Protein chains: 2
Amino acid sequence: MSVPLYQAKAEMFRTLGHPVRIRVLELLQSGPRPVRDLLAEIDVEPSNLSQQLAVLRRTGVVVSFRDAGLVMYALSTPDVADLLAAGRRILGAVLTDRDGLLAELRAHSPSEQPARPAASIEGSTAAR
Amino acid sequence: MSVPLYQAKAEMFRTLGHPVRIRVLELLQSGPRPVRDLLAEIDVEPSNLSQQLAVLRRTGVVVSFRDAGLVMYALSTPDVADLLAAGRRILGAVLTDRDGLLAELRAHSPSEQPARPAASIEGSTAAR
DNA sequence: TGTCGAATTGCAGAAGTCTTCAATTCCGGG
DNA sequence: CCCGGAATTGAAGACTTCTGCAATTCGACA
């Protein structure tokens, strides 16, 4: 597997790494929409939205076209929906897992350091 | 849907937005591995790898533990593999789609602007 | 042709991420 | 107890991304 391939994959994921861009993609899951609609639902400045849309276009996850005088955006492939779904599942797994262990910990050891950052409770920090 | 949720999702994807981190996750798909092995396969400085592993740990997509004197890393949930697979599919779709249209364009209009950047050939740039 | 709303672009300062270096922690074995 | 390799941490400098403002382009329609 070539090295630049990892670069390309990383770029693809980095493209989704922004709240506004995620939001746009979720809205586009239900079909093409004009910029105007996105703007109405997202609460961000027009220029900012445009910048984020440009990022999504550059990577090719969305496409744009003009219809009835408005610029429309659409997912370039339905596979994008799968990606979002997978992301949701992982988020769910990670969170319940964290909260689960957190709750368990609390139940078994009543007088533990209370100000300890939650993140280090999981198995995630073995080496130190 | 709460606003910080989009923040969390974005963070999750941003976590994957780095070649070394992608590489690590792909290696971990086949099971837990010691840092030493990752280091041998990835060609990056130890401290850099550690930094990237820390990022993955922070988000909770990997966990670490010590075994036989070595620090091991593992995917925190097999769902991560789905995410990588979905990413691969999209990358494939986007690329063939781009190259496909590119080839089609070439075939149908022999004397077209040759120095035009490839990215703008797709439907991706309708408004201008 | 002139005007209006829609959407994009250019840009600058603020904020965040990457990489590398040196220093540190951790643990197993002598 | 101290050494050695394994892995992590801290911090600084280079680099990239984000945000908001002002200016511009674009196309529809009178």
Side-chain angles (χ1 to χ4, degrees), chain A residues 3 6-7 10-24 27-28 32-59 62-74 117 119-120 123-128, chain B residues 3 6-7 10-24 27-28 32-59 62-74 117 119-120 123-128:
Chain A
V3 173
Y6 293 112
Q7 189 69 38
E11 213 167 300
M12 150 110 279
F13 283 114
R14 195 148 24 83
T15 294
L16 307 197
H18 188 289
V20 167
R21 299 198 292 261
I22 288 281
R23 189 96 213 271
V24 167
L27 289 171
L28 294 184
R33 279 168 176 276
V35 173
R36 169 198 246 138
D37 273 27
L38 300 174
L39 206 43
E41 305 210 45
I42 296 185
D43 181 47
V44 72
E45 304 218 14
S47 68
N48 195 343
L49 180 60
S50 249
Q51 298 277 7
Q52 307 312 332
L53 288 172
V55 171
L56 292 171
R57 258 190 285 126
R58 241 171 266 140
T59 324
V62 307
V63 294
S64 71
F65 53 95
R66 198 174 274 269
D67 181 50
L70 297 178
V71 177
M72 308 281 295
Y73 277 83
S120 66
S124 59
T125 314
R128 240 234 113 229
Chain B
V3 174
Y6 293 112
Q7 189 69 38
E11 212 167 299
M12 150 111 277
F13 284 114
R14 196 150 21 84
T15 294
L16 307 197
H18 187 290
V20 168
R21 297 196 293 260
I22 288 281
R23 190 94 213 273
V24 166
L27 289 171
L28 293 184
R33 279 169 176 276
V35 172
R36 168 197 247 136
D37 271 28
L38 300 174
L39 206 43
E41 305 209 44
I42 298 184
D43 182 44
V44 71
E45 305 216 15
S47 69
N48 195 344
L49 179 60
S50 248
Q51 299 277 6
Q52 307 312 333
L53 289 173
V55 171
L56 293 171
R57 257 190 286 128
R58 241 171 266 139
T59 323
V62 305
V63 294
S64 69
F65 53 95
R66 198 175 273 269
D67 182 50
L70 296 178
V71 177
M72 308 281 297
Y73 277 83
S120 66
S124 58
T125 315
R128 253 249 97 209

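No experiment lies behind these values; they were computed from the predicted model shown. Labels below follow one simple rule: chain letters A, B, ... track the order of the sequence lines, proteins then strands, and each chain is numbered from 1.
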J.: Is the closest side-chain heavy-atom distance between A:Ile42 and A:Leu27 below 4.5 Å?
T.: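 Contact flag for A:Ile42/A:Leu27 side chains = yes.
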J.: Nearest heavy-atom pair of A:Arg57 and A:Ser64: which atoms, and what distance?
T.: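 The answer is CD-OG, 3.9 Å.
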J.: Over how many whole Å does the gap from A:Met72 atom CE to C:dA7 atom P extend?
T.: 10 Å
J.: To the nearest Å, how far apart are B:Arg33 CZ and D:dA6 C1'?
T.: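 The distance from CZ of B:Arg33 to C1' of D:dA6 comes to 18 Å, rounded to the nearest Å.
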J.: Taking OP1 and OP2 of C:dA6, is either one under 4.0 Å from a side-chain nitrogen or oxygen of A:Tyr73?
T.: no
J.: For A:Asp67 and C:dA6, what is the distance between atoms CG and P respectively, to the nearest whole Å?
T.: 16 Å
J.: Quick one: label B:Leu39 by what it contacts on the DNA or RNA (base, sugar-phosphate, nothing), any heavy atom closer than 4.0 Å.
T.: nothing
J.: Do B:Val24 and B:Tyr73 come close enough that some side-chain heavy atom pair is under 4.5 Å?
T.: no
J.: Side chain of A:Glu45: nearest nucleotide among D:dT17, C:dT20, D:dC21?
T.: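 Of all the options, the side chain of A:Glu45 is nearest to D:dC21.
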J.: With the side chain of B:Arg66 defined as its heavy atoms from C-beta on, choose the nearest nucleotide among C:dC27, D:dT8, C:dA7.
T.: C:dC27
J.: Just how far, in rounded Å, is P of C:dA15 from NE2 of A:His18?
T.: 15 Å
J.: Whole Å only: how far is the CD atom of B:Gln7 from the C1' atom of C:dA15?
T.: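 Rounding to the nearest Å, CD of B:Gln7 and C1' of C:dA15 are 13 Å apart.
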J.: Going by heavy atoms in the side chains, are A:Val71 and A:Leu53 under 4.5 Å from each other?
T.: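 Answer no - side chains too far apart.
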J.: Could you check whether any side-chain heavy atom of B:Val35 comes within less than 4.5 Å of a side-chain heavy atom of B:Leu70, counting everything from C-beta outward?
T.: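 In short, these two side chains do not touch, never coming nearer than 4.5 Å.
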J.: Provide, to the nearest angstrom, the distance between the CZ atom belonging to A:Arg57 and the C1' atom belonging to C:dT9.
T.: 11 Å
J.: Mind calculating the distance between CG (A:Leu70) and P (D:dC29) to the nearest angstrom?
T.: 11 Å
J.: If you take any heavy atom closer than 4.0 Å to DNA chain C, which residues from residues 46-56 of chain B end up in contact?
T.: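 Contacts with DNA chain C under 4.0 Å: B:Ser47, B:Asn48, B:Gln51, B:Gln52.
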J.: Do B:Pro19 and B:Ile22 make a side-chain contact, defined as non-hydrogen atoms from C-beta onward lying under 4.5 Å apart?
T.: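 With C-beta onward as the side chain, the pair stays apart.
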J.: Looking at D:dC18, I'd like to know if its phosphate oxygens (OP1 or OP2) sit under 4.0 Å from a side-chain N or O belonging to A:Arg21.
T.: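 So the side-chain polar atoms of A:Arg21 do come within 4.0 Å of the phosphate oxygens OP1 or OP2 of D:dC18, strictly under.
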J.: Among the nucleotides D:dT17, C:dA7, D:dA6, which one has an atom lying closest to any side-chain atom of B:Arg36?
T.: D:dA6
J.: Knowing that exactly one of A:Arg33, A:Arg36, A:Arg23 qualifies, which makes a side chain to side chain donor-acceptor pair (under 3.5 Å) with A:Glu41?
T.: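 Per the side chain to side chain donor-acceptor pair (under 3.5 Å) rule, the option paired with A:Glu41 is A:Arg33, out of A:Arg33, A:Arg36, A:Arg23.
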